[in-house]
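Structure record follows, encoded as structure tokens.
Only heavy atoms go into these numbers, but all of them, side chains included; no hydrogens, no water, no symmetry mates.
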Amino acid sequence: MTPPKPPARPDKVSLWQYLRLFRRDILSAQPQRLYRAWMAEFRTPFFRSYLINQPELIDRVLKHRPQDFPKSGRISEGLRPLLGQSVFLTNGATWERQRRIIDPAFEGGRLKQTFPAMLASAEACADRLRDRTGVPVEIEEVTSHAAADVIFRTLFSVPIEHEIAAQVFEKFRAYQRQQPLLNLAAFVPLPGWVPRFHARKTRRAAAEIRALIARLTRERAAQIAAGTAPNDLATKIMTTPDPLTEQCFDTDEMIDQVAIFFLAGHETSASALAWTLYLMAAYPDWQDRVAEEARAQDEISFASMSRLRISRDVFREALRLYPPVPMMVREATCPERFRDRDVPKGAQIVLSPWHLHRHERLWEDPDSFDPSRWATENGKACQRAAFIPFSAGPRVCTGAGFAMVEGPLILSTLLRRYRFEPVEGRSPVPVAHLTVRSRDGIWLRVVER
Ligand code: HEM
């Protein structure tokens with residue numbers, strides 16, 4: 001048995017069929033050959049895009065010449081109403097300045113200070129499950145709740161039950177349901193003459209979320225001014241000046257950043273954790289090993305995290321099989337040559353963690369769940385060359401280190417107390433929404449150990 005993988009489409013389909021498949025789900029709209037190809041070209045009357053799977057090409061785009069392959073403005077459009085000018089969408093000098101201010105808050109040393117808030121979220125999540133044992137539970141909902149709680153506690157020192165935090169979480173769920181972001185319009189660039197608009201409802205939902213975030217951010221600015229602010233990520237970011245200009249973010253800029261921390265930080269971790277728990281239910285031997293490792297610690301602390309090796313390998317394997325961000329898009333700003341082919345200026349370059357992580361010419365047994373692969377030669381080589389769940393290069397996920405503590409921490413905390421079991425007839429089907437989710441949720445039974 002291998003874990004669920006969406007069926008690929010036939011190799012040849014008409015453009016019209018492709019667009020229809022794409023609208024339904026970006027993963028199953030792709031042909032099987034992408035799991036073997038180093039590169040694939042998609043030509044349509046409106047656009048050309050190139051999916052690249054060859055590690056050297058990926059390095060060129062993400063690590064060696066990222067300034068020549070910025071984020072495509074057309075791709076960002078769907079997110080603009082919610083995210084404004086946040087670091088996820090900007091390019092060039094604005095992006096560089098934003099990263100100079102944000103990155104120090106996520107440095108290794110800082111993670112130690114953030115850890116108690118993460119631990120409190122993990123324990124709160126385990127407590128909430130106490131009343132839900134024995135019956136099927138939709139786990140994506142559980143992990144979304146937990147990951148949103150982590151963001152609010154680490155950023156603003158408030159739990160998800162806080163009045164504003166709870167509203168942001170609720171409204172965001174509605175927003176997301178209205179707008180599967182990896183949809184056709186967001187991903188496949190439309191020609192310039194097609195009018196763009198955001199559904200009125202989506203715009204309104206985005207404005208409401210931003211108004212709530214603005215309240216939290218303004219309150220914090222006032223606390224900083226009064227010298228009463230807690231020492232958390234929001235305070236750190238809002239009081240860190242750019243080393244070059246010595247300017248801090250103003251409140252409006254900070255609102256944009258908080259919006260992306262909330263979005264990028266909770267959707268992704270929630271997806272990764274939900275798939276990890278599903279894999280635990282499907283592979284009970286591995287589940288027992290993670291539980292034993294967690295129970296062997298007197299308590300889970302920042303110091304004990306480095307001892308949770310099985311938990312980390314399991315979480316990493318889940319990120320490989322179900323990368324929360326399945327594809328990323330960049331734009332070629334000058335003519336390029338990829339594998340002896342001309343890539344014109346303006347072409348869209350698609351990087352696909354989904355396909356790269358299951359590439360048949362790179363990984364041994366790519367579709368199997370095998371956390372022990374990370375100790376093998378092939379696993380180590382692929383971790384360096386063909387594993388990009390957090391992207392790579394200067395634009396790598398700011399929260400990568402944070403997420404690699406959060407994931408194993410929540411996993412181990414839950415497995416210390418509970419066993420997760422599959423529910424018959426409820427095998428999840430991966431689809432790409434905002435992140436890789438299961439079409440009908442991930443249903444598991446939670447049993448007290
Ligand atoms: C398992 C969890 C996570 C995964 C798989 C993940 C993955 C990613 C990926 C692939 C990107 C690059 C997207 C692109 O270039 O198009 C990214 C960017 C980003 N992520 Fe994460 N992320 C995770 C958790 C987090 C957390 C916890 C935070 C913050 C608290 C965060 C904040 C960001 C930000 C701010 C960016 C934009 C960076 C930039 O463009 O310079 N992420 N993430």
Might you work through the salt bridge (Lys or Arg N to Asp or Glu O under 4.0 Å) test for Arg210 and Asp256, ending with a clear yes or no? CA-CA 8 Å; Arg210 286 181 63 87; Asp256 291 346; 2.7 Å; yes
Neighbour count above 12 (heavy atom, 6.0 Å) for Asp127 CG: yes
Distance-only side-chain donor-acceptor flag, Thr435 / Glu267, under 3.5 Å: yes
Given 3.5 Å as the limit, does a donor-acceptor pair link the side chain of Gln297 with the main chain of Glu293, or not? yes
Is it true that the side chains of Thr90 and Gln98 contain a donor and an acceptor less than 3.5 Å apart? yes
Backbone N/O of Ala117 and side chain of Ser121: donor-acceptor pair under 3.5 Å: yes
Can you check whether Pro422's main-chain N or O pairs, donor with acceptor, with Tyr278's side chain at less than 3.5 Å? no
Set of ring pair (Phe, Tyr, Trp, His ring centres under 6.0 Å) partners for Phe115, sequence neighbours left out: Phe302
Given side chains that start at C-beta, do those of Val168 and Phe152 come closer than 4.5 Å, heavy atoms only? yes
Would the number of heavy atoms belonging to other residues, nucleotides or ligands and lying under 6.0 Å from CD of Glu161 be above 12? yes
Taking the inter-plane angle between the rings of Phe369 and Trp286 on a 0 to 90° scale, is it parallel (under 30°), tilted (30 to 60°) or perpendicular (over 60°)? perpendicular
Would you please test Glu317 and Tyr283 for side chain to side chain contact (heavy atoms under 4.5 Å, CB included) and show each step? CA-CA 12 Å; Glu317 183 71 342; Tyr283 296 87; over 6 Å; no
Starting at CZ of Phe169, measure out to CD1 of Ile160 and round the result to the nearest 0.5 Å. 5.5 Å
How about His266 and Phe172: are their ring centres within less than 6.0 Å of each other? yes
Residue of the set Arg330, Arg395, Glu331 for which side chain to side chain contact (heavy atoms under 4.5 Å, CB included) holds with Phe69: Arg330
Is it the case that over 12 heavy atoms from other parts of the model lie below 6.0 angstrom from the CZ atom of Arg309? no
His359 and its ring pair (Phe, Tyr, Trp, His ring centres under 6.0 Å) partner, picked from Trp38, Trp354, Tyr35: Trp38
